[in-house]
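Note sheet for the following structure.
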Amino acid sequence: MRIGIIGAGNIGCTLAKKFSAAGHGVMLANSRGPESIKELASNLGAVAVTVHDAVKDVDALIIAIPEDRIPQLPKGLLANIPPHFPVVDTGNYYPGVRDEVIPEIDAGLVESQWVELQLGCPVIKVFNNIMSVSLAEKGRVQGDPERIALPVSGDDSEAKQTMIQLVNDAGLMVWMQVVS
Ligand SMILES: NC(=O)c1ccc[n+]([C@@H]2O[C@H](COP(=O)([O-])OP(=O)(O)OC[C@H]3O[C@@H](n4cnc5c(N)ncnc54)[C@H](OP(=O)(O)O)[C@@H]3O)[C@@H](O)[C@H]2O)c1
């Protein structure tokens, strides 16, 4: 697959390394532009691109930036994605610790639903509940009894199936598919 990753921090870089080691093409973007992560991306087996190019001609997009930065992504970024295209939200909301307060979430809106409203498309929630260090170090091959599991949550079965494959490629198994 060709995978776009927006966010070149702990989670984005760990996933870039895992997916490229599994044979996927990985396009990695951040907010400061490809020049700022050219060497980093190359060391991970990925290609540094702009945010717009991370969305072009890819089979899945992973958004791994702090939750409160989602509204800063370019407007209309995902306007032309095909049906069942997986857009992954790895984010967690940390109000007052890292993130600015998001009143809608504080009032009870589910985080991923708030992300969907910002992006204008459905999202799959995965890789949000494992620390990047565990993600990097605890992957095991299929059948290994030490393999750990992750939930994959979302409404689109086809998009979820793509992400289940990528969770498997990251050396983790799917514990359950959450249907909302
Ligand atoms: N760290 C973990 O173990 C972990 C585990 C599970 C889930 N998560 C969640 O995953 C998300 C990312 O966490 P992280 O620890 O990987 O963050 P991080 O290390 O702080 O990295 C954040 C990345 O996002 C980029 N970014 C910020 N705003 C952007 C924008 N508007 N457009 C494009 N790129 C932007 C930053 O690029 P610049 O440097 O160019 O700004 C940076 O590369 C968070 O919501 C976090 O809660 C983290």
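Note that ligands are numbered from 1 as they come in the structure, with each ligand's atoms numbered from 1 the same way. Keep in mind it's a predicted model, so treat the numbers as computed, not measured. Just the heavy atoms: all of them, side chains too, but no hydrogens, waters or symmetry mates, feed the values below.
In this structure, I11 and S132 have side chains that are in contact, with non-hydrogen atoms separated by less than 4.5 Å.
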Extract all donor-acceptor atom pairs below 3.5 Å that involve side chains of residues 86-93 and protein atoms in other chains or at least two apart in sequence.
residue, atom, partner, partner atom, Å
D89, OD1, G91, N, 2.8
D89, OD2, K125, NZ, 2.7
T90, OG1, I63, O, 3.2
N92, OD1, N128, ND2, 3.3
N92, ND2, N128, O, 2.7
Y93, OH, I102, N, 2.7
Y93, OH, D106, OD1, 3.0

Review item, side-chain donor-acceptor pairs of residues 68-81, under 3.5 Å, at least two apart:
residue, atom, partner, partner atom, Å
D68, OD2, E100, N, 2.7
K75, NZ, P71, O, 3.1

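If you look at ligand 1, the protein residues with a non-hydrogen atom under 4.0 Å away are I6, G7, A8, G9, N10, I11, N30, S31, R32, V51, A64, I65, P66, E67, R69, Q72, L73, T90, G91, N92, Y94, R98, F127, N128, I130, M131, S132.
Panel note: side chain R147, backbone R140; a donor-acceptor pair is recorded below 3.5 Å.
Residue pairs meeting the side chain to side chain donor-acceptor pair (under 3.5 Å) criterion with at least one partner in residues 34-48, sequence neighbours excluded, are N30-S36.
To the nearest 0.5 Å, atoms CG (L28) and CG (D53) are separated by 12.5 Å.
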